Amino acid sequence: QAQLVESGGGLVQAGDSLRLSCVASERALKTVGLGWFRQAPGKERAFVAAISRSGGITYADSVRGRFTASRDNSKNTMYLEMNSLKPEDTAIYYCAAGSYTYNWRAYSYWGQGTQVTVSS
């Protein structure tokens with residue numbers, strides 16, 4: 001069973017930065033790719049970024065240029081560096097493993113989520 005555990009969420013003001021971390025089990029890291037998703041109240045889970053096993057990275061248009069996804073295989077961890085945060089970035093953020101696509105349904109493993117709240 002692959003395991004993922006996120007941390008790093010919190011309450012910040014617009015314009016601030018946060019870094020999310022996701023510690024992944026060996027099994028999760030060996031999958032095709034890892035992804036970050038978010039879900040705001042009343043909305044469907046939305047793609048944020050994905051990192052392939054070979055290191056390719058893709059972003060949603062809404063975060064490109066502000067967010068940076070990375071992975072450190074030596075620490076079994078992937079990160080989401082979020083800069084210039086906006087109130088519309090408020091959501092529960094999830095890391096996932098098992099695919100390299102914007103479609104959340106393609107991912108097999110999920111973390112428990114971490115809340116990010118951005119006040120105006």
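Along the sequence shown, the residues carry numbers beginning at 1. All values derive from a computational prediction rather than experimental measurement.
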A.B. asks: R45 side chain to R38 main-chain N or O, any donor-acceptor pair under 3.5 Å?
C.D. replies: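 Checking the backbone N and O of R38 against the side chain of R45, no donor-acceptor pair under 3.5 Å is found.
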
A.B. asks: If hydrophobic residues (ILVMFWY) are linked whenever their side-chain heavy atoms come closer than 4.5 Å, directly or via other members, who joins W110 in its cluster?
C.D. replies: F37, F47, I92, Y94, Y102, W104, Y107

A.B. asks: Using the side chain to side chain donor-acceptor pair (under 3.5 Å) criterion, which residues pair with T117? Sequence neighbours excluded.
C.D. replies: Q115

A.B. asks: Could you tabulate the donor-acceptor pairs under 3.5 Å formed by side-chain atoms of residues 48-56, not counting sequence neighbours?
C.D. replies:
residue	atom	partner	partner atom	Å
S52	OG	S54	N	3.4
S52	OG	S54	OG	3.1
S52	OG	G55	N	3.2
S52	OG	G56	N	2.8
R53	NH1	K30	O	3.3

A.B. asks: Please set out all donor-acceptor pairs under 3.5 angstrom arising from side-chain atoms of residues 74-82, sequence neighbours excluded.
C.D. replies:
residue	atom	partner	partner atom	Å
S74	OG	D72	OD1	2.5
N76	ND2	E26	OE2	3.3
T77	OG1	K75	O	2.7

A.B. asks: If you measure from CD1 on I57 to CZ on R71, what distance do you get to the nearest 0.5 Å?
C.D. replies: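 Rounded to the nearest 0.5 Å, the CD1-CZ separation comes out at 9.5 Å.
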
A.B. asks: Starting at OH of Y109, measure out to CG of L4 and round the result to the nearest 0.5 Å.
C.D. replies: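 Here the interatomic distance stands at 9.5 Å.
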
A.B. asks: Would you call Y59 and T68 a side-chain contact if the rule is heavy atoms closer than 4.5 Å?
C.D. replies: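 Counting from C-beta outward, Y59 and T68 do come under 4.5 Å.
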
A.B. asks: Heavy-atom distance under 4.5 Å between the side chains of Y100 and T58, does that happen here?
C.D. replies: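 A side-chain contact exists here, since the closest heavy-atom pair is under 4.5 Å.
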
A.B. asks: Any salt bridge linking D89 with K86? Criterion: basic side-chain nitrogen under 4.0 Å from a carboxylate oxygen.
C.D. replies: no

A.B. asks: Let me have the donor-acceptor pairs involving side chains of residues 11-19, under 3.5 Å, with sequence neighbours excluded, atom names and distances please.
C.D. replies:
residue	atom	partner	partner atom	Å
D16	OD2	Q13	N	3.1
S17	OG	N83	OD1	2.8

A.B. asks: Between A97 and L34, what is the shortest heavy-atom contact and its length?
C.D. replies: CB-CD2, 3.5 Å

A.B. asks: Disulfide (SG to SG under 2.5 Å): which pairs involve residues 69-120, sequence neighbours left out?
C.D. replies: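 Residue pairs with at least one partner in residues 69-120: C22-C95.
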
A.B. asks: Under the side-chain contact (heavy atoms from CB on, under 4.5 Å) criterion, do Q112 and V5 qualify, and how do the steps go?
C.D. replies: CA-CA 7 Å; Q112 83 285 2; V5 180; 4.1 Å; yes

